[in-house]
Amino acid sequence: MATGMEHEEASGETIKTFKELGVTDVLCEACDQLGWKVPTKIQVEALPVALQGRDIIGLAETGSGKTGAFALPILQALLETPQRFFALVLTPTRELAFQISEQFEALGSSIGVQTTVIVGGIDMMAQSLALAKKPHVIIATPGRLIDHLENTKGFNLRALKYLVMDEADRILNMDFETEVDKILKVIPRDRKTFLFSATMTKKVQKLQRAALKDPVKCAVSSKYQTVEKLQQYYIFIPSKFKDSYLVYILNELAGNSFMIFCSTCNNTQRTALLLRNLGFTAIPLHGQMSQNKRLGSLNKFKAKTRSILLATDVASRGLDIPHVDVVINFDIPTHSKDYIHRVGRTARAGRSGKSITFVTQYDVELFQRIEHLIGKKLPAFPTEEEEVMMLTERVAEAQRFARMELRQHEEKKKRSRDEADEEDDAEGALGVRNKVAGGKKKKRKP
Ligand code: AMP
């Protein structure tokens, strides 16, 4: 397997170990147990300065190993001066929050670190109870954290020592600026701050001025660069044969783990059903699924009980899925920047990976824009048309089944909505009696 080590040897740089960067023995062992043999570039840059207690502005993307770059210094400081509510990590999405917490727990398990994830879509009460246990590290999305700061009795962050703002550009793009300002007002000024961002936008610069003290800049990749160990391909095919080509490629590259990107929730669901009908272990992840289902999908995929994850762009950034070997852009991304984020799911932390982008007669212009953005022409992925055509019949049958299942699913959903509506109408008519009788009106599902 290709490793970051080979890469650095090839470029003639000397390789530093975690220990040489100043990481304490017990945490070096934790890295070793996670299979982190050598530090990644951002870790080499950030760890020594962070361990000296400096603020950091890190320009690095997900996949670079940035979580380790901020988690290790925090854990090391926590070892020196154990304290509850020691660090807060702000992140834009729920999925990212859970991934960061997993890395904290994996690195900190031998030192007994306790973390809590505070994100929307999960019961406030359960979170309040978790906060009452006073964890060492809180990983939160800004909105829900504010909710707790304002409404959860006895909870405050007045003793906080470390603040991390992860994917700051996304936090700010999601209009969390007010929330972030509010949080900055209720935590101590005397603290260490690490700000990580994939891009340096005006808003990020403003936040840097407001929140960091004399920071050291650590940058590992320039904007819009795709990683070196990523082999990127395209296939140019008629739109009506997309499904058959997908099945062909999954067969050709069998044994790998795949992430397939679709443009809509509906197509994600449909394609997952289609592939399942053909015997593949495919699982969907999109915005119309409940938070629990999304986490469930992700965990099944992570546990490798499923080898194909189908996702919309909701999932295209920030997800930590270490073993994706191949990214397939089944539907071409409409925004070329999403291309970078999507293919960033593979070839991470020094591993190699492939991406294949489906280009139909309708997508040529979008594809040219992508090539322009990444500054290179991509090679075509070799396919045998005859073999693909042999699949079309079976694929057509699976398509019919998938459409039927999708329709049944829709009808079931509609029926349960209609039933809820009917109940509401009936209850509306009985409203007065209900009130008198103290009856409860049933809440309609959103
Ligand atoms: P991140 O950019 O923090 O989301 O990390 C991406 C992936 O790289 C995660 O799965 C980490 O477990 C992994 N990783 C982080 N540091 C290293 C390292 N030094 N060597 C190998 N893998 C790493």
Side-chain angles (χ1 to χ4, degrees), residues 1-9 13 15-23 27-48 50 56 58-75 89 91-109 115 137 139 164-170 194-199 218-221 225-227 229-230 257 259 298-299 301-304 309 315-325 327 340-341 343-353:
M1 194 190 77
T3 64
M5 189 191 260
E6 285 156 22
H7 169 68
E8 284 192 316
E9 274 171 350
E13 289 168 29
I15 301 152
K16 286 228 161 74
T17 59
F18 281 105
K19 195 171 171 61
E20 282 166 334
L21 298 176
V23 178
L27 292 173
C28 286
E29 270 167 40
C31 292
D32 198 48
Q33 275 177 2
L34 286 181
W36 298 6
K37 298 279 172 275
V38 286
T40 65
K41 283 186 189 167
I42 186 71
Q43 290 163 357
V44 170
E45 293 232 352
L47 285 173
I56 282 186
L59 289 182
E61 288 164 37
T62 298
S64 59
K66 66 185 162 70
T67 314
F70 64 72
L72 286 167
I74 291 176
L75 291 169
V89 182
T91 126
T93 66
R94 306 164 189 186
E95 280 87 359
L96 203 53
F98 283 104
Q99 283 159 24
I100 293 171
S101 128
E102 275 169 20
Q103 285 204 42
F104 263 101
E105 300 214 331
L107 288 169
S109 63
T115 70
V137 183
I139 299 111
V164 180
M165 287 179 280
D166 190 34
E167 304 220 351
D169 48 352
R170 283 182 81 200
F194 304 148
L195 186 156
F196 280 84
S197 187
T199 53
C218 303
V220 289
S221 63
Q225 228 173 19
T226 43
V227 275
K229 287 189 189 296
L230 169 67
S257 60
M259 189 153 180
L298 197 56
N299 285 338
F301 186 68
K302 274 190 180 172
K304 306 192 186 187
L309 183 70
S316 79
R317 262 189 90 172
L319 285 188
D320 177 23
I321 307 162
H323 64 282
V324 174
D325 303 311
V327 166
I340 313 276
H341 303 142
V343 300
R345 301 306 93 212
T346 182
R348 308 176 71 182
R351 297 171 193 225
S352 56

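Both counts, for ligands and for their atoms, begin at 1 and track the order of listing. These numbers come from a predicted model, not from an experiment.
For T91 and D166, the side-chain atoms include no donor-acceptor pair closer than 3.5 Å.
V89 places none of its side-chain heavy atoms less than 4.5 Å from the side chain of F194. In this structure, F196 and L59 have side chains that are not in contact, with every pair of non-hydrogen atoms separated by 4.5 Å or more. A heavy-atom distance below 4.5 Å is found between the side chains of I100 and F70. Within the 4.5 Å cutoff, the side chain of S197 has heavy atoms near those of the L195 side chain.
At a 4.0 Å heavy-atom cut-off, ligand 1 touches F18 through the side chain alone. Only the side chain of Q103 comes within contact range of ligand 1, with a heavy atom under 4.0 Å; no backbone atom does.
The ligand atoms of ligand 1 that sit less than 4.0 angstrom from a heavy atom of K66 are 1 (P), 2 (O), 3 (O). Short contacts between ligand 1 and T40, defined as distances under 4.0 Å to a heavy atom of the residue, involve ligand atoms 16 (N), 17 (C), 18 (C), 19 (N). Using a 4.0 Å cut-off to heavy atoms of T67, the atoms of ligand 1 that qualify are 1 (P), 3 (O), 4 (O).
Note: T40 OG1 to K66 NZ = 11.0 Å, rounded to the nearest 0.5 Å.
Considering backbone and side-chain atoms together, K37 places no N or O closer than 3.5 Å to any N or O of ligand 1. Taking any N or O of V38, backbone or side chain, at least one lies under 3.5 Å from an N or O belonging to ligand 1. By the 3.5 Å distance cut-off applied to N or O atoms, G65 is counted among the residues near ligand 1.
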